[in-house]
Amino acid sequence: TLKEKSMLLKELIKNIRPVKIAGSTEADIKGVNIDSRRIGQGHLFVAMKGTQVDGHTFIEKAIGLGAVAVLCEDMPAALADGITYIQVQSTEDVVGELSTAFYGRPSEKLRLVGVTGTNGKTTIATLLYNMFRKLGYKCGLLSTVCNYIEDEAIPTSHTTPDPIELNALLGRMVDAGCQYAFMECSSHAIAQKRIGGLRFAGGIFTNLTRDHLDYHKTFENYRDAKKAFFDGLPKGAFAITNADDKNGMVMVQNTKATVKTYSTRNMADFKAKLLECHFGGMYLEVNGREVGVQFIGKFNVSNLLAVYGAAVMLGEEPDNVLVVMSTLKSVSGRLDPVHSPEGYTAIVDYAHTPDALENVLKAIHEVLDGKGHVITVCGAGGNRDKGKRPIMAQEAVKQSDKVIITSDNPRFEEPQDIINDMLAGLTPQQMKKVLSIVDRKEAIRTACMLAQKGDVILIAGKGHEDYQEIKGVKHHFDDKEIVREIFDSQNN
């Protein structure tokens, strides 16, 4: 249970510069919310101008629910008695500072490391959390898949919670005695200043490729959102960047943090070489030391290097780090193999961008080494960047012997329309190895019927998700569960 927190309004707003204040700042604030539905007695309501709705329209509702103070950009025409109104230039700019102040500046009481980039964020943040717990520390994790305070799982709503949720979670981590917290920082969260007011001990950049252009509109905006995170790191922090990515050095060119690089190809502070690889794992050389890991795929060599680099920058002994690294396992739904009784392997993976698909297929080919066929089952999400659909299909066809295009999370679109968008990217010659089956379960079953001993089926797009979102409703659907069911029926 949360300890009752409260703070005088004048203390809470002392670091923001209000344009105007109407009412008394002596009120005792018992909670801060940007969602009017969560307002309780004695709360401060922050009216945000969101992408979908304007919080200013909910001011009266918030007061009705017990709000004693309102932070807004536009003063309401009529001010309610006994309520304090604080007008600021931009609520988005100050909500981070308010949240962090209300929860007692939790990010300054533990070491917080942020991970940003297109692919690899979840893997790196989760592996750091697992590694530091194995090294004997109490830790928290903020990721797309789940938030954790030590062993306690706290379900997530989107990649990065809003600043209030975020600080409340970090506050709970501090109360639980956590010394470290590892966090995914999505480009949306950085652009919307959801991480404003937090103090990071370090940041990691993974890579940058096409994603979320439905939100950022251009690749430059997307890149600059990521870069803003490194621009904001303080002097005593570290910034670890991927020297193998062409945007790697762009990210850190204006940072005040200590810059370190990692690479599998070039000179770098943290360098790795792949020595050997099979479906059970890889053998690597990291900064001159050899280590066996339970992961496959060259992109995972990069992810593990980022984890190694961050652990060393946080002061851990390189040898201890490698010992723990050899015990770490892959994150659920990321290159997750299920072996069939018939002698072929199904791999469930979250790849839902063209390059993530390319990376996973490359990883599979590295292991197969020309022996066995690859059958890929994939789709594309509805109500998201449509430009990547034909590219997804092209990537799948390029590196597979057979491709089955199916439904992913259609959301509010017609599944067949999404499939047609994907097929539009293919030539008549490429179409010869493509089937389209709208029903995802049937698509997976068909792939299993086509597979022979030694083949690999890649089921891409959903990974850890255990639902399919259709017309606003989430139906239970778990790729891994379906595969196991099919394997069991083959056995009987």
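Side chains included, hydrogens not; waters and symmetry mates left out as well; all remaining heavy atoms used. In this chain, numbering begins with 1 at the start of the sequence shown. Because the structure is predicted, anything quoted here is derived from the model rather than measured.
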Review point. Around Q253, counting heavy atoms of other residues, nucleotides and ligands shown, do more than 12 lie under 6.0 Å from its CD?
Key: yes

Check your understanding: Between the side chains of N300 and N303, is a donor N or O closer than 3.5 angstrom to an acceptor N or O?
Key -> yes

Check your understanding: Can you tell if the side chain of F205 reaches within under 4.5 Å of the side chain of V252, non-hydrogen atoms only?
Key -> no

Point to revise | Point-to-point distance, once rounded to the nearest 0.5 Å, from CG of N33 to CE of M48 | key: 12.0 Å

Point to revise | P410 and I418, any side-chain heavy atoms less than 4.5 Å apart | key: yes

Point to revise | side chain to side chain contact (heavy atoms under 4.5 Å, CB included) partners of R411, counting only residues at least two apart | key: N383, R384, N409, E469

Review point. What residues form a side chain to side chain contact (heavy atoms under 4.5 Å, CB included) with R133, not counting sequence neighbours?
Key: Y129, C139, E150, D151

Practice item. With rounding to the nearest 0.5 Å, note down the distance linking OG in S90 to CD in E73. Key: 5.0 Å

Review point. Going by distance alone, is a donor N or O of one side chain under 3.5 Å from an acceptor N or O of the other, for N254 and K227?
Key: yes

Review point. With a cut-off of under 6.0 Å to the ring centre and 45° to the axis, is K462 in cation-pi contact with Y467?
Key: yes

Check your understanding: Have N119 and N359 got a donor and an acceptor in their side chains that come within less than 3.5 Å?
Key -> no

Check your understanding: Under the ring-ring contact (aromatic ring centres under 6.0 Å, His included) rule, what pairs show up with a residue in residues 232-260, not counting sequence neighbours?
Key -> none

**Study point:** Centroid-centroid under 6.0 Å between Y350 and H352 rings
**Key:** yes

Practice item. Kindly compute the distance separating OG1 (T116) from CD (E184), expressed to the nearest 0.5 Å. Key: 9.0 Å

Check your understanding: Taking side chain as C-beta onward, heavy atoms only, is V19 less than 4.5 Å from M75?
Key -> no

**Study point:** Nearest-0.5 Å distance that lies between atom CD in E481 and atom CG in D466
**Key:** 8.0 Å

Review point. Salt bridge check: are E97 and R105 linked by an N-O gap of less than 4.0 Å?
Key: yes

Check your understanding: Take atom NZ in K471; do more than 12 heavy atoms of anything else shown fall under 6.0 Å from it?
Key -> yes

Exercise for review: Any chance you could measure L328, atom CG, to N130, atom CG, to the nearest 0.5 Å?
Suggested key: 6.5 Å

Point to revise | I13 vs L98 side-chain heavy atoms within contact, under 4.5 Å | key: yes

Check your understanding: Are the charged groups of K14 and E11 less than 4.0 angstrom apart, N to O?
Key -> yes

Review point. Does atom CD of E317 have more than 12 heavy-atom neighbours from other groups under 6.0 Å away?
Key: no

**Study point:** Salt bridge present between R389 and E413 (N-O < 4.0 angstrom)
**Key:** yes

